[in-house]
Amino acid sequence: MGYNRPMPIRILAPLEAARIAAGEVVERPASVVKELLENALDAGARHIGVESQGGGSALILVADDGGGIAPDEVELAFARHATSKIASLSDLESATTLGFRGEALPSIAAVAEVELLTRTPGQEAGAFVRVHYGQVVERGRRACPPGTRVTVGRLFARLPARRKFLKTPGTENSHISQVVSRYSLAFPDVKFSLSLEGRRAFESPGSGSLREAALKVYGYETAQALLEVKAEAAEGQPLKIWGLVSPPSRARPRREAHFFVNRRWVQSRLLARAVEEAYLGLLVSGQYPLSILHLELPPAEVDVNIHPAKREVRFLQEQAVFAAAQRAVRAVLMQMSPLPQVRPLPRLEQAPTLALPLEPARPGSLAASPPPARRLPILRVLGQLASAYIIAEGPDGMYLIDQHAAHERVRYEDIKAQRRDGKPEVQGLLAPVTMELTPSEAALLGEHETTLAEHGFELEPFGPGSHLLRALPALLAGQDPAQALRAVLADLAEGKGKDIGETLAVSLACHGAVAAGQALTLEEMRELVRRLEEAEEPRHCPHGRPTMVHLSAAQLEREFGRR
Amino acid sequence: MKLSCLQENLSRGLGIVGRAVATRTTLPITNNVLLATDGGRLKLSATNLEIAITCWIGAKVEEEGTTTVPARLLTDLVSSLPNERMDLSQPLRSHTIHLACGRNEAKITGQAAADFPPIPTIGEGVAIPVGGDALHTAIDQVAFAAATDESRPVLTGVQASFEGSTVTLAAADGFRLSVHKLALDQPVAEKVAVIIPARSLQELNRLLDGQEEPVQVTVNAARSQALFKLKNAEMVSQLVQGTFPNYGQLIPQSSQSRAVVNRAEFLRATKAAAIFARDGSGIIRLQVTPAGELGPGKLAVSARAEELGENLGELDAAVTGEAGKIAFNAKYLTEVLSVLDSEQVALETTSPTSPGVIRPVGVDNFVHVVMPMFVQW
Ligand SMILES: Nc1ncnc2c1ncn2[C@@H]1O[C@H](COP(=O)(O)OP(=O)(O)OP(=O)(O)O)[C@@H](O)[C@H]1O
Ligand SMILES: [Mg+2]
């Protein structure tokens, strides 16, 4: 059998090839910013300004005060595989620059209108070149300050297929601010400033102190509590680890780990696992530390050329790096808290619970079927299992109810009802809480302001990067207001593209619902089951997971061989 | 170790220290209770690393010694024995204890006392005596307002600040604030303010039950631990590190409307309305009407529920100032009314969106500030 062979093999025209390669380098506006920042940093810039308009699709501008490009090399910079950073592949083993492929500028210029204006300290006037979709359209000399300014306009304008994948300007901007804040943590000695849609969004101090850089990204409260990691690996091993990690008491509801290998931001499961292991036993489940870790090691010890966007690296000695990172973090944690924190369950009284491990229903045996009818019959609560499930009896057998899923369902329907009536139930705060938001959190907040307000979050801007939280949805009363809003924002970020009202309702229903592991009193279980009986859709939580399994009387009889 | 004591005493002692035995722990030995002879008495200690409780019971000691045994096991065993004389002994260089009581005999395997985390002692510092009963009431009226959410550790604690001849206890969880002032018999030499975990104080309250004698409170020099010395027991609690919010400014200095009502009636009406308010977030609406041609002043307490209908309770009130209305979370209102013991309470409000204040009438040692819910009227 043959296959369809539509065309003979041929070599793509250079521009075509560049556009395809660009797909790997330039995924979205934020990746343009990343490449341009790296170039500026490679050029030794001390101050880098970034601007974005229209979520980066209309305009991205990156200006630096680095070494610049000699006038006769300006056009060469846009040629594929043209780089000043390595001369041969073997140089890669000693390269300390972020760039080495000579692909970024040609790839960007293949999919946008780019202008590069640059001056080296030796030159009196600057040189500029404009490249539109791979074609040089203008070149010349112009006065400018020393350094380089790259302007990228109308990104993907000629590639409707790529444009389609872009999200709202707000979302794209929040990716851009993530990139900028990341680099400010990678290079605390460089001053970064970012303006989004003409408004100043972020500025790093460039003082050289990582903590001061982190302060701008995470706010004062978080930054001042971070613990300092510092380890020069032992036995002549040339690995240095330094950075900041959160104390266990300041854990967050989402993973937040930044790893920099020789200043390069990378995603690394290896390092993520090392950090998580360091916190083993110190965190409640569902909580994650914040970590900002720098690893410095000889370039020959890392392979940086394994990912098209240079987002991943491979360590030659993975095991050694893992162990060193784990130990470095563990050491600071142990120093600060010699006593493991015991956290008994808050609020609820201990009810006697059965500590049975719950076995999943084996196929063929107790195949618990999802209950048939929509509404629930009246149920009688018998007890609690494994601090997670309520055992109840109905007219037709036994019900095992997942307490968290059930509570989510009940809260979700409350929220929906309040929204239908246009009457959110709002709980005021005794004193407004100052929220210091990360740039991406702030962008999300800006985007969803009205929906958040409709659900009862009362927020008002309070200086750059800060908001005052004055009230929150009554269903969240009793929780830490700042933490609750953060968790909701994190859900909104994840639920991108979905119906925002719905995402928010699900999020509010989930945060603050009783968790698995909380012992409930009989009274509390009865109340929860009563509310579930009244629910319109009692059998599934708003995420779509079942709230209960039902074992019918007939099934039980069969299992016990009575029939 | 060789000693004898009364089953009743040992059982009571184990009940007292049992509250500090760790339940979920990464350090298994903290599931044990430490037994040690101590100057003609038997000393029992337990710790979950946040608090440690020690108590002493009368014993006839024949041979000194110390060991640790599983707390639950020992407690269950002792409580099932008859109230008679018990003989406890531990063969030399073993961690097993032998227990004999009436016609029962048992052996329990333990672990070396040397492996037990050290029970902190506070030798330094001046002990401040605080009346047992009064402290019990103050803790009741304040600790419930502390946060249960751990994300802001200082709010899970109660600030105790000793100054001059008073100690002020305060707790706040971001939605409400409780402050209780307590007189000291002797003025303190220097001002001390510490944050004690609310959970520790609730445990202290169990120990305080029925104790009228003053409790001696000592804070260590590092301000990291506090010792509460009772008659036959003591508790050491870790303190929360951090700065407690400056709450003075959160207490409204004036109000538009003040209604004085009978506390028990107010609580009853709130609980009745709460039944209707228990769906959703439990909104209780309060409306204050001054006395006029139509009759005396009133406080109306109401709640609605979609399907159940609504509930309205009315109380006579001595109203000064204007009419007022405000909505509260049923739980917050019930909790504060339940911990007060005065006959009358005053509800002070200014607007439906500014904080409400609840004070006992006749005593000037307590104030509770609670943030309303913003509702449509
Ligand atoms: N801001 C800048 N300042 C000085 N020189 C620059 C700047 N931007 C680019 N260049 C020069 O242009 C060359 C090409 O840049 P480009 O980003 O395309 O490739 P690269 O950085 O060498 O490698 P990579 O594709 O891995 O980023 C660089 O090697 C550098 O010499
Ligand atoms: Mg580059």
Side-chain angles (χ1 to χ4, degrees), chain A residues 221 225 247 249-253 280-282 284 287 338-348 350 410-411 413-415 417-418 421-433 456 458 469-484 486 512 517 527 530-531 534, chain B residues 22-27 30 47-51 117 144-153 155-156 172-177 198-199 238 240-242 245-247 249-251 278-283 306-308 327-329 331-332 352-356 369-376:
Chain A
E221 283 238 354
S249 61
R250 296 236 169 204
R252 307 163 78 87
L280 217 61
L282 298 174
V284 205
Q287 300 233 294
L339 300 181
Q341 277 284 309
V342 185
R343 303 186 176 198
L345 289 172
R347 196 170 47 223
L348 295 165
Q350 289 297 132
V410 165
R411 289 165 60 94
E413 294 201 0
D414 282 341
I415 296 164
Q418 289 173 25
D421 306 344
K423 282 187 258 177
E425 293 179 355
V426 180
Q427 171 67 56
L429 293 180
L430 208 48
V433 173
E458 239 173 66
L469 179 60
R470 295 191 173 279
L472 77 175
L475 277 170
L476 298 180
Q479 298 179 52
D480 179 63
Q483 187 111 329
R486 283 232 154 76
E527 179 62 13
R530 182 188 73 80
R531 300 288 323 274
E534 288 171 2
Chain B
T23 42
R24 298 163 182 238
T25 176
T26 42
L27 200 58
T30 54
T47 177
N48 57 23
L49 305 180
E50 187 171 85
I51 59 169
F144 75 96
T148 47
D149 184 306
E150 306 265 348
S151 44
R152 287 188 64 197
L155 296 188
T156 61
D173 66 359
F175 304 97
R176 51 198 172 149
L177 162 73
R199 266 200 308 266
Q238 304 282 1
V240 184
Q241 300 305 312
N246 180 5
Y247 57 83
Q249 67 215 30
L250 300 177
I251 304 172
R278 66 182 168 178
D279 292 2
S281 352
I283 304 176
E306 290 284 294
E307 286 157 26
L308 293 170
F328 290 122
N329 181 316
K331 172 176 172 265
Y332 294 169
T353 55
S354 36
V369 183
V370 52
M371 214 37 209
M373 296 178 70
F374 306 157
V375 299
Q376 269 132 3

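Worth saying up front: this structure is predicted, and the values here are computed from it rather than measured. Every chain is numbered from 1 and lettered A, B, ... according to where its sequence line falls, protein lines coming before strand lines.
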Student: Using heavy-atom distances under 4.5 Å, tell me whether A/Pro473 contacts chain B through its side chain, its backbone, both, or neither.
Tutor: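 Neither part.
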Student: Select one option (side chain, backbone, both, neither) describing which atoms of A/Gln483 are under 4.5 Å from chain B's heavy atoms.
Tutor: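 For A/Gln483, side-chain heavy atoms alone lie under 4.5 Å from chain B.
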Student: Decide, yes or no, whether a salt bridge links B/Asp173 with B/Arg152 under the criterion of side-chain N to carboxylate O below 4.0 Å.
Tutor: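 Result for this pair is no, no salt bridge flagged.
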Student: Quick check: do B/Asp149 and A/Gln479 have side-chain heavy atoms less than 4.5 Å from each other?
Tutor: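 Touching, per the 4.5 Å side-chain cut-off.
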Student: Report the residues that fulfil ring-ring contact (aromatic ring centres under 6.0 Å, His included) with B/Phe144, sequence neighbours left out, ordered by chain and then residue number.
Tutor: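 Here the qualifying residues are B/His368.
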Student: Check side-chain hydrogen bond (donor to acceptor under 3.5 Å, both in side chains) between A/Arg252 and all other residues, then give those that pass, not counting sequence neighbours.
Tutor: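 So A/Arg252 forms no side-chain hydrogen bond (donor to acceptor under 3.5 Å, both in side chains) with any residue.
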Student: Heavy-atom distance under 4.5 Å to chain A: side chain of B/Val369, backbone, both or neither?
Tutor: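 For B/Val369, heavy atoms of backbone and side chain both lie under 4.5 Å from chain A.
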Student: For A/Glu458, is it the side chain, the backbone, both or neither that has a heavy atom under 4.5 Å from a heavy atom of chain B?
Tutor: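 A/Glu458 touches chain B through side-chain heavy atoms alone.
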Student: With only heavy atoms counted, which part of A/Leu472 is less than 4.5 Å from chain B, the side chain, the backbone, both or neither?
Tutor: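 For A/Leu472, the side chain is the part near chain B, not the backbone.
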Student: Charged N to carboxylate O under 4.0 angstrom, A/Arg531 versus A/Glu527?
Tutor: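 Salt bridge flag = no for A/Glu527 with A/Arg531.
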Student: Go through the atoms of B/Tyr247 and report whether side chain, backbone, both or neither lie under 4.5 Å from a heavy atom of chain A.
Tutor: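 The answer is neither part of B/Tyr247.
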Student: Quick check on B/Leu177 against chain A: is it the side chain, the backbone, both or neither that has a heavy atom closer than 4.5 Å?
Tutor: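 Contact with chain A is through both the backbone and side chain of B/Leu177.
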Student: Please determine if B/Glu150 and B/Arg199 form a salt bridge, counting it only when a charged side-chain N lies under 4.0 Å from a carboxylate O.
Tutor: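 Yes, this pair counts.
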